[in-house]
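Here is the structure we will look at, set down as structure tokens.
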Amino acid sequence: MVLYTGGSAFFALRREILSQRTFSIIKPDAVRKGHTAAILAEIEGAGFKIVAIKRASISKAQAEGFYAVHAGRPFFPELTEFMSSGPIFPMVLEKENAIADLRKLMGATDPAKAEEGTIRKKYAESIGENAIHGSDAEETAAFEIGYFFAGLELK
Ligand code: GDP
């Protein structure tokens, strides 16, 4: 006997199985300029579910811990100074293919090279102050989510 559960139940199950979480930050430049709501609208409009979000201010040492993979790069002092220069909105996002899709929605690191319609093209002004962060792989997403959120905040 074939048990037919109906189309929507099938798609709900498929979404649950294929869904992936990524980590993002609305950076201090975008928050200062009042772009937070517009960026969140872009993210939700692209089909991401916002699983967790909060406003935070981090110290330079906390920014150094977050960006430890970049320690030693010439822009590291500037990057960590910038990330601790004002409030940010760290968040956890969920959808199918979330990591790659968020990177596509963000655009290239340098907004001058970002594609039309991307968040960095619309809201960022320089390679350093580029409006948004997004994890680049599953392992980094797991580390970055855990850096900012406790398990109880991720239900
Ligand atoms: P992303 O994955 O597109 O965010 O880029 P990367 O992982 O290469 O770099 C992390 C962050 O460091 C970027 O988002 C920028 O904020 C900053 N960054 C990267 N390259 C430069 C640079 O050449 N100069 C400055 N000032 N900041 C940079």
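Counting convention: from 1, in listed order, for ligands and their atoms alike.
Of the inter-residue distances, the one linking E81 atom CD with K60 atom NZ reads 5.5 Å to the nearest 0.5 angstrom.
Taking the six-membered ring where the residue is Trp, F66 and F143 present parallel rings, their angle staying beneath 30° rather than reaching 60°.
Distances shorter than 4.0 angstrom occur between a heavy atom of K27 and an atom of ligand 1. For the ligand labelled ligand 1, residue R120 lies inside the 4.0 Å heavy-atom shell. Residue E129 places no heavy atom under 4.0 Å from ligand 1. Ligand 1 lies out of reach of H133, whose nearest heavy atom is not under 4.0 Å from it.
Scanning all protein heavy atoms for the shortest distance to atom 27 (N) of ligand 1 gives G128 CA, 3.5 Å. Distance from atom 20 (N) of ligand 1 to its nearest protein heavy atom, with residue and atom name: F75 CE2, 3.5 Å. The nearest protein atom to atom 3 (O) of ligand 1, hydrogens excluded, is given as T109 OG1, 2.6 Å; this is a heavy-atom distance. In terms of protein heavy-atom proximity, atom 13 (C) of ligand 1 is closest to N130 ND2, 3.6 Å. Protein heavy atom at the shortest distance from atom 26 (N) of ligand 1 is E78 OE2, 3.1 Å. Protein heavy atom nearest atom 2 (O) of ligand 1, with residue, atom name and distance: R103 NH1, 2.8 Å.
Nearest heavy atom pair, residue A141 against residue R21, reads CB-O, 4.0 Å.
Two residues are said to be in side-chain contact when any heavy atoms from C-beta on lie closer than 4.5 Å; I25 and F148 meet this criterion. Residues F149 and V51 fail the side-chain proximity criterion, which asks for heavy atoms closer than 4.5 Å. With a 4.5 Å cut-off on side-chain heavy atoms, M91 and I26 count as touching.
Of the heavy atoms in H70, only side-chain atoms (C-beta onward) come closer than 4.0 Å to ligand 1. Contacts with ligand 1 closer than 4.0 Å are made by no heavy atom of D136, backbone or side chain.
By the 6.0 Å and 45° rule, K27 does not stack over the aromatic ring of Y123.
Closest heavy-atom approach to atom 23 (O) of ligand 1 within the set I132, L79, I127: this belongs to I127.
Judged by distance alone, the side chain of Q20 and the main-chain N or O of A98 form a donor-acceptor pair under 3.5 Å.
Between R73 and ligand 1, no N or O atom pair is found at a separation short of 3.5 Å.
A 6.0 Å sphere centred on NZ of K33 holds more than 12 heavy atoms belonging to other residues, nucleotides or ligands.
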